[in-house]
Amino acid sequence: MIEKRGNINMPADRKKIEDAIEAELYDFGQDLVATAVDYLERKNINMDGDIMKSVQAEVEKLKDDFRLQFGANVRHAIYVHEGTKPHWAPVKPIRQWVHKKLNLRGKELKNVTFLVRRKIAREGTKAKPFLAVAMRAHINRLGGRIGQAIEKAAA
């Protein structure tokens with residue numbers, strides 16, 4: 001028995017094909033993660049590695065479909081990815097960043113923290129779109145990869 005779904009003729013043994021699609025989506029997600037982490041490393045966007053560690057991709061099986069979720073789950077990842085408009089940034093995270101990046105203490109830490117906050121207040125922060133870069137690098141190959149996985153499973 002063959003079932004027509006979209007442009008694909010699905011054999012009765014659809015479990016094998018669904019497993020192949022899920023595996024290919026998982027591999028695709030891991031490629032996205034690797035590319036995003038590589039971008040963060042190349043651009044030296046790595047204070048303590050928390051954004052890199054939080055980048056992940058997950059495949060979820062739905063009733064008749066799959067969902068691939070890809071992103072970073074630390075609070076400040078969105079601000080790194082999208083950048084910010086000029087604003088007075090909170091003192092504590094900027095002080096932590098200055099301390100970790102420059103290993104400053106005391107009055108030097110306080111002064112540099114103020115200068116960094118003032119620069120952000122005047123200029124904002126530049127976007128570093130690590131997730132979008134990964135998607136652009138791979139998205140055009142997804143259809144072909146899924147098609148090959150289906151052909152291999154159906155053979």
Side-chain angles (χ1 to χ4, degrees), residues 1-90 92-102 116-117 119-155:
M1 172 172 190
I2 296 199
E3 175 185 340
K4 182 92 168 161
R5 296 223 25 205
N7 293 333
I8 302 168
N9 290 324
M10 299 282 285
D13 186 13
R14 101 187 239 171
K15 173 83 171 109
K16 187 176 177 183
I17 290 174
E18 287 177 347
D19 289 347
I21 292 170
E22 185 172 12
E24 191 58 45
L25 284 172
Y26 175 82
D27 290 346
F28 181 79
Q30 296 313 301
D31 291 346
L32 292 173
V33 169
T35 301
V37 168
D38 180 63
Y39 177 91
L40 292 166
E41 287 175 342
R42 280 186 295 108
K43 299 289 185 176
N44 196 23
I45 306 166
N46 181 27
M47 183 176 71
D48 55 10
D50 57 342
I51 293 178
M52 280 192 262
K53 292 174 198 166
S54 79
V55 176
Q56 50 188 275
E58 296 176 0
V59 177
E60 181 181 1
K61 171 89 172 82
L62 304 173
K63 183 179 179 188
D64 287 323
D65 215 346
F66 293 95
R67 177 184 298 146
L68 172 63
Q69 295 184 22
F70 167 61
N73 61 13
V74 291
R75 280 179 62 178
H76 62 285
I78 187 69
Y79 304 115
V80 172
H81 190 272
E82 300 296 322
T84 64
K85 293 179 179 180
H87 69 286
W88 275 100
K92 188 176 178 180
I94 301 300
R95 183 176 36 232
Q96 289 172 339
W97 181 85
V98 169
H99 174 69
K100 287 181 180 181
K101 274 291 199 191
L102 304 174
V116 169
R117 290 181 69 227
K119 183 175 191 287
I120 293 169
R122 290 180 177 166
E123 300 174 21
T125 60
K126 185 178 178 188
K128 297 163 184 98
F130 57 98
L131 301 172
V133 166
M135 286 297 295
R136 281 193 303 271
H138 295 281
I139 196 67
N140 290 336
R141 295 183 216 135
L142 180 58
R145 288 175 66 165
I146 297 294
Q148 288 176 345
I150 291 170
E151 286 177 16
K152 188 175 178 181

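- Listed for the R117 side chain is a donor-acceptor partner under 3.5 Å among the backbone atoms of A89.
- Residues A153 and K16 share a closest heavy-atom pair of O-CE, 3.2 Å.
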I45/Y39 under side chain to side chain contact (heavy atoms under 4.5 Å, CB included): CA gap, chis, key distance, verdict: CA-CA 8 Å; I45 306 166; Y39 177 91; 4.0 Å; yes
Check residues 66-79 and write down every donor-acceptor pair under 3.5 Å in which the side-chain atom is one partner and the other belongs to a residue at least two apart or another chain.
| unit_1 | atom_1 | unit_2 | atom_2 | d |
| --- | --- | --- | --- | --- |
| R67 | NH1 | E60 | OE1 | 3.1 |
| H76 | NE2 | D50 | OD2 | 3.2 |

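- By the neighbour-count criterion of 12 heavy atoms within 6.0 Å, atom NZ of K101 is densely surrounded, having more than that number from other residues, nucleotides or ligands.
- In this structure, the separation between NZ on K92 and CD on Q96 is 5.5 Å, given to the nearest 0.5 Å.
- Atom CD of Q30 is separated from atom CG of L25 by 11.5 Å, given to the nearest 0.5 angstrom.
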Apply side chain to side chain contact (heavy atoms under 4.5 Å, CB included) to residues V37 and I51 and explain how you reach the verdict. CA-CA 9 Å; V37 168; I51 293 178; over 6 Å; no
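- For the atom pair CZ (R14) and CG (D19), the distance works out to 11.5 Å, reported to the nearest 0.5 Å.
- Side-chain contact between V80 and T125 is absent, with no heavy atoms from C-beta onward closer than 4.5 Å.
- Pairing each heavy atom of E24 with each of A149, the nearest pair is CB-CB, 4.0 Å.
- Taking both residues in full, the closest heavy atoms of V33 and A57 are given as CG2-N, 3.6 Å, listed atom of the first, atom of the second, then distance.
- Put simply, CD on E22 and CG on D27 are 11.0 Å apart, with the number rounded to the nearest 0.5 Å.
- The CD atom of E18 sits 10.0 Å away from the CD1 atom of I150 when rounded to the nearest 0.5 Å.
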Check the pair V55 / L32 against side chain to side chain contact (heavy atoms under 4.5 Å, CB included), numbers first and verdict last. CA-CA 9 Å; V55 176; L32 292 173; over 6 Å; no
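- Among R141, R145, H138, the single residue meeting the side chain to side chain donor-acceptor pair (under 3.5 Å) criterion with D31 is R145.
- One distance of note links CZ of R42 with OG1 of T35; it measures 9.0 Å at 0.5 Å rounding.
- Among residues two or more places apart in sequence or in another chain, the side-chain hydrogen bond (donor to acceptor under 3.5 Å, both in side chains) test is passed with E123 by K119.
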